Amino acid sequence: MAKSAKHSVGASATIHDQKLIRGNGGELHQVSESNVPVLTTTQGGPVGDDQNTLKIGDRGPTLIEDFHFREKIFHFDHERIPERVVHARGYGAHGYFETYESLAKYTRADIFQRAGEKTPAFVRFSTVAGSEGSADLARDVRGFAVKLYTQEGNWDIVGNNIPVFFIQDAIKFPDIIHSVKPEPDRGFPQAASAHDTFWDFISLTPESMHMVMWVMSDRAIPRSFRFMEGFGVHTFRFLNANDESTFVKFHWKPKLGLQSVVWNEAAKINGADPDFHRRDLWDAIQSGNFPEWELQVQLFDQDFADSFDFDVLDPTKLIPEEMIEPIAVGRLVLDRMPENFFAETEQAAFMTQNVPPGVDFSNDPLLQGRNFSYLDTQIKRLGSPNFTHIPINAPKCPFHHFQQDGHMAMRNPVGRVNYQPNSFGEGPRESPQRGFRSFSDAGGGQKVRLRAESFADHYSQARQFFTSQTPPEQKHIAMALTFELSKVETPVIRERMISHLLNIDDGLAEMIADKLGIKELPKPADAAVAPRDDLKPSPALSIVKNRPESFAGRKVGVLVSPGADASFLKKLRTAIEQEGAAMEVIAPKVGGVEAADGTVIAAKHMIDGGPSVLFDAVALVLSEEGGERLTGEAAARDFVADAFAHCKFIGFTPGAAPLLQKAGVDPEADEGLIGLSDPKAIAGFIESCRKLRLWAREMAVKL
Ligand code: HDE
């Protein structure tokens with residue numbers, strides 16, 4: 001049978017020079033005389049002309065009989081499948097999960113039985129509110145969806161980078177999502193929560209206050225996927241071989257530590273490189289720096305659940321890590337990009353209800369609702385109940401069932417028997433021993449539409465989150481809330497938010513009210529349960545308190561000019577790479593510059609295309625003349641001014657002094673400006689970079 005050609009041929013290749021050859025598998029290929037595969041229709045027919053439609057005369061009308069044209073356009077017109085209704089913008093990668101030790105004591109899940117066992121995995125990161133084409137640095141929650149292809153079927157942990165959620169009951173999901181998506185009359189704003197409808201819904205939904213504090217924190221503008229945590233959010237259950245249950249919460253901890261950007265930087269990254277997060281993951285994996293997370297679990301029993309301050313079924317609450325210390329149970333490594341974005345990432349179908357035997361659900365009402373939703377959404381998007389036939393969604397373990405037929409069925413049963421029980425002794429049968437057994441929950445009761453009383457405290461953990469942050473992180477939360485509410489046009493919504501904030505932190509509420517020009521503070525919102533102020537701060541909730549002691553995985557942008565010192569640059573690169581970080585050169589021309597010694601320094605970016613927001617730290621390696629000349633370039637001045645404003649460490653050679661001055665940066669301003677007159681200073685520069693940002697610079701500016 002003829003196989004479709006992979007590559008199109010140019011206009012000059014015609015049907016006349018076509019011949020058939022046999023491939024390794026014995027299949028026939030059509031190739032032209034020049035051995036280039038011949039372009040065919042999807043039916044396998046060779047195409048003679050792919051440049052011109054069939055017309056009557058060269059200026060005449062096009063003919064309906066042009067079946068190649070018709071098929072080509074028809075197929076193009078159907079290329080899109082519906083984007084995900086939430087989490088539309090995302091990016092995925094393949095990898096594996098490696099189990100550290102047997103967890104047989106807690107779970108009979110096969111994936112956790114043998115130390116060192118590797119299980120194939122696929123992960124998709126996403127934003128929530130924006131469309132498929134929106135920018136990566138939207139202020140938003142990030143999805144962190146993991147598919148583990150276990151020996152007992154696919155296990156999907158469909159989590160976020162924030163451990164709590166906005167709502168307590170799944171029935172409110174369409175409302176929260178409608179409110180954050182573009183407003184229906186005007187169709188904007190795209191990928192932004194800074195608008196009336198979102199804050200209207202939030203201000204009328206006290207249960208969202210804890211999550212709002214997270215979404216206004218730096219967690220919502222991560223530096224990259226590689227520096228984010230992931231959380232399963234809900235309480236799940238582990239069940240061991242004796243069907244004994246242990247509650248479990250799942251946490252993914254990035255090996256490179258946590259890191260975020262600042263809002264002004266995020267806004268600029270969106271302009272300079274809307275694919276910043278995608279590119280980061282692509283670059284890291286393609287260069288062999290495989291990102292890695294550790295899976296940690298918080299395990300607890302019914303007694304703990306009963307004695308805990310909050311309800312473990314309430315998805316707006318977390319269990320502080322200081323209270324139940326997470327245990328590391330394995331690691332996730334991403335080491336391969338999909339070959340085709342559409343086939344693998346766009347068609348990936350995650351479902352919370354995909355759990356292996358030994359993992360089970362709790363009665364968290366949000367989780368229960370999700371278990372219902374995700375199957376629906378796959379039918380809508382992928383168009384057929386056979387979406388599990390798509391390779392990315394198919395299990396990698398043996399599977400046998402009697403589901404059959406339907407649109408696009410790719411695996412079709414053979415033989416006579418497609419039911420069970422049957423008298424022919426054919427086909428699979430269920431296995432009470434190996435098969436999935438649900439936790440036997442003794443719960444029962446009346447049919448009600450009620451919210452449990454134990455879910456009623458909406459403010460205490462919001463306050464705990466805020467008080468657990470360092471001063472710069474608190475400042476960022478205040479600035480984010482001010483920015484978002486300043487975009488809200490309806491005054492009563494802004495005031496309503498202040499009344500909630502008064503239940504979280506007076507200082508925060510007062511500062512934002514002042515910034516918004518609200519003269520008279522409203523009364524604190526009525527609270528169903530009085531907010532507590534006795535919850536101990538949890539250091540695990542702060543990004544800054546958990547920063548790594550290394551600059552590994554980060555990137556330095558080095559601005560060079562003609563006449564720069566090439567040997568110095570080489571030493572700088574060696575030191576940066578020894579740290580496990582990367583260096584990229586930015587020059588007035590993308591072709592690079594001629595160094596003082598006459599060699600050419602190659603550049604990755606020209607100044608306009610490589611603003612400092614794309615880097616974690618910068619260095620200015622300029623000659624006297626080059627530095628002087630760059631003072632006239634707005635992009636060079638912005639490069640320096642932004643790096644300073646975003647609290648980055650800046651290394652500079654003496655030639656950079658005029659540029660620093662023109663950018664309004666005093667070279668003596670603080671310890672974040674590091675003179676590089678001598679190669680010996682490079683080590684000190686790298687050491688500073690390990691701190692990632694000099695927050696003291698920002699704290700010197702009063703809000
Ligand atoms: Fe989702 N969510 N969700 N969600 N969610 C979807 O499924 C839904 C929730 C999350 O990379 C949809 O395949 C409901 C919490 C991620 O493909 C849809 C509720 C958490 C992804 C859906 C929630 C998430 C989705 C849309 C409230 C964090 C992207 C497309 C009860 C723990 C997965 C799709 C990917 C996607 C429904 C709440 C995470 C419509 C009804 C809480 C990471 O089924």
Side-chain angles (χ1 to χ4, degrees), residues 86 106-107 109 128 141 143-146 155-177 205-211 214 230-239 245-252 297-321 323-324 326 350-356 358-377 436 438-445 447-458 460-462 528-529:
V86 283
Y106 300 106
T107 173
V128 177
V141 187
F144 194 122
V146 181
W155 177 20
D156 296 349
I157 306 179
V158 197
N160 280 344
N161 75 330
I162 290 180
V164 289
F165 202 63
F166 289 106
I167 48 170
Q168 294 173 323
D169 192 304
I171 201 168
K172 298 309 296 166
F173 192 63
D175 299 297
I176 169 82
I177 297 301
T205 310
E207 72 205 53
S208 67
M209 289 309 142
H210 185 195
M211 176 75 164
W214 282 82
F231 300 94
V233 175
H234 316 280
T235 296
F236 289 83
R237 286 181 189 274
F238 272 158
L239 295 178
S245 155
T246 307
F247 287 119
V248 55
K249 279 183 173 274
F250 299 107
H251 303 228
W252 298 104
V297 292
Q298 283 181 303
L299 298 172
F300 55 96
D301 58 13
Q302 190 65 53
D303 285 348
F304 173 84
D306 294 340
S307 66
F308 182 51
D309 294 324
F310 305 98
D311 197 325
V312 299
L313 301 184
D314 175 355
T316 67
K317 306 297 186 303
L318 53 82
I319 301 175
E321 293 186 9
M323 202 172 253
I324 301 259
F350 294 89
M351 302 200 287
T352 49
Q353 60 273 48
N354 285 355
V355 289
V359 178
D360 202 355
F361 313 111
S362 71
N363 288 342
D364 174 339
L366 204 61
L367 177 59
Q368 296 282 324
R370 294 180 73 198
N371 286 344
F372 186 78
S373 166
Y374 287 70
L375 186 56
D376 262 352
T377 215
F436 188 87
S438 295
F439 175 69
S440 168
D441 196 337
K447 209 189 270 183
V448 291
R449 284 185 187 274
L450 281 182
R451 197 72 63 89
E453 276 299 317
S454 50
F455 282 34
D457 179 342
H458 302 317
S460 303
Q461 282 207 342
V529 168

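Predicted, not measured: the structure shown is a model, and the values here were computed from it.
Put simply, the side chain of Pro163 does not reach to within 4.5 Å of the side chain of Val233, judged on heavy atoms. Residues Thr205 and Phe166 fail the side-chain proximity criterion, which asks for heavy atoms closer than 4.5 Å. Within the 4.5 Å cutoff, no side-chain heavy atoms of Val248 are placed close to those of Tyr106. The side-chain heavy atoms of Phe304 and Ile319, taken from C-beta on, include a pair separated by under 4.5 Å. Inter-residue side-chain proximity for Val359 and Phe238 is flagged as met; some heavy-atom pair is nearer than 4.5 Å. Taking 4.5 Å as the limit, every side-chain heavy atom of Leu366 sits out of range of all side-chain heavy atoms of Phe173. Between Phe165 and Val141 the shortest side-chain heavy-atom distance does not fall below 4.5 Å. In this structure the side chain of Asp301 never reaches within 4.5 angstrom of the side chain of Phe247, judged on heavy atoms.
None of Glu321, His251, Lys249 except one satisfies the side-chain hydrogen bond (donor to acceptor under 3.5 Å, both in side chains) rule with Gln298; the exception is His251. Partner of His234 under the side chain to side chain contact (heavy atoms under 4.5 Å, CB included) criterion, out of Val312, Leu367, Leu313: Leu367 alone.
With values rounded to the nearest 0.5 angstrom, Phe300 atom CZ is found 10.5 Å from Ser307 atom OG. Taken to the nearest 0.5 Å, the CZ atom of Phe310 stands 4.5 Å off from the CG atom of Asp457. Separating the CG atom in Leu318 from the CD1 atom in Ile324 is a distance of 12.0 Å, to the nearest 0.5 Å. Taking CD from Gln168 and OG from Ser208, the interatomic distance works out to 9.5 Å, rounded to the nearest 0.5 Å. A distance of 7.5 Å separates CG of Asn161 from CZ of Phe231, quoted to the nearest 0.5 Å. Remark: Thr316 OG1 to Asp364 CG distance equals 9.5 Å, nearest 0.5 Å.
Within 6.0 Å of the CZ atom in Phe439, the count of heavy atoms belonging to other residues, nucleotides or ligands exceeds 12.
At distances below 3.5 Å, at least one donor-acceptor pair connects side-chain atoms of Ser362 with backbone N or O atoms of Thr235.
Between Trp155 and Phe236, the ring centre distance reaches or exceeds 6.0 Å.
Using a cut-off of 4.0 Å between Lys/Arg side-chain N and Asp/Glu carboxylate O, Asp175 and Lys172 are scored as salt-bridged. For Glu207 and Arg451, the salt-bridge test passes: some basic side-chain N is under 4.0 Å from an acidic carboxylate O.
Partners of Asp309 by salt bridge (Lys or Arg N to Asp or Glu O under 4.0 Å), not counting sequence neighbours, listed by chain and number: Arg532. Checked against side-chain contact (heavy atoms from CB on, under 4.5 Å), Leu375 has the following partners two or more places apart in sequence or in another chain: Met351, Gln353, Phe387. In this structure Asp314 satisfies the salt bridge (Lys or Arg N to Asp or Glu O under 4.0 Å) test together with Lys317, sequence neighbours excluded.
In terms of heavy atoms, Ile157 sits closest to Gly232 at CG2-CA, 4.2 Å. The two residues Phe144 and Gly230 come nearest to each other via the heavy atoms CD1-CA, 3.6 Å. Taking both residues in full, the closest heavy atoms of Phe455 and Asp311 are given as CE1-OD2, 3.3 Å, listed atom of the first, atom of the second, then distance. Arg370 and Val158 get closest at one heavy-atom pair: NH2-O, 2.8 Å. Residues Ala528 and Ala456 share a closest heavy-atom pair of CB-O, 3.8 Å. Of all non-hydrogen atoms in Phe350 and Val146, the two that sit nearest each other are CE2-C, 3.8 Å.
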Pair Thr246-Thr107, side chain to side chain contact (heavy atoms under 4.5 Å, CB included): steps then yes or no: CA-CA 8 Å; Thr246 307; Thr107 173; over 6 Å; no

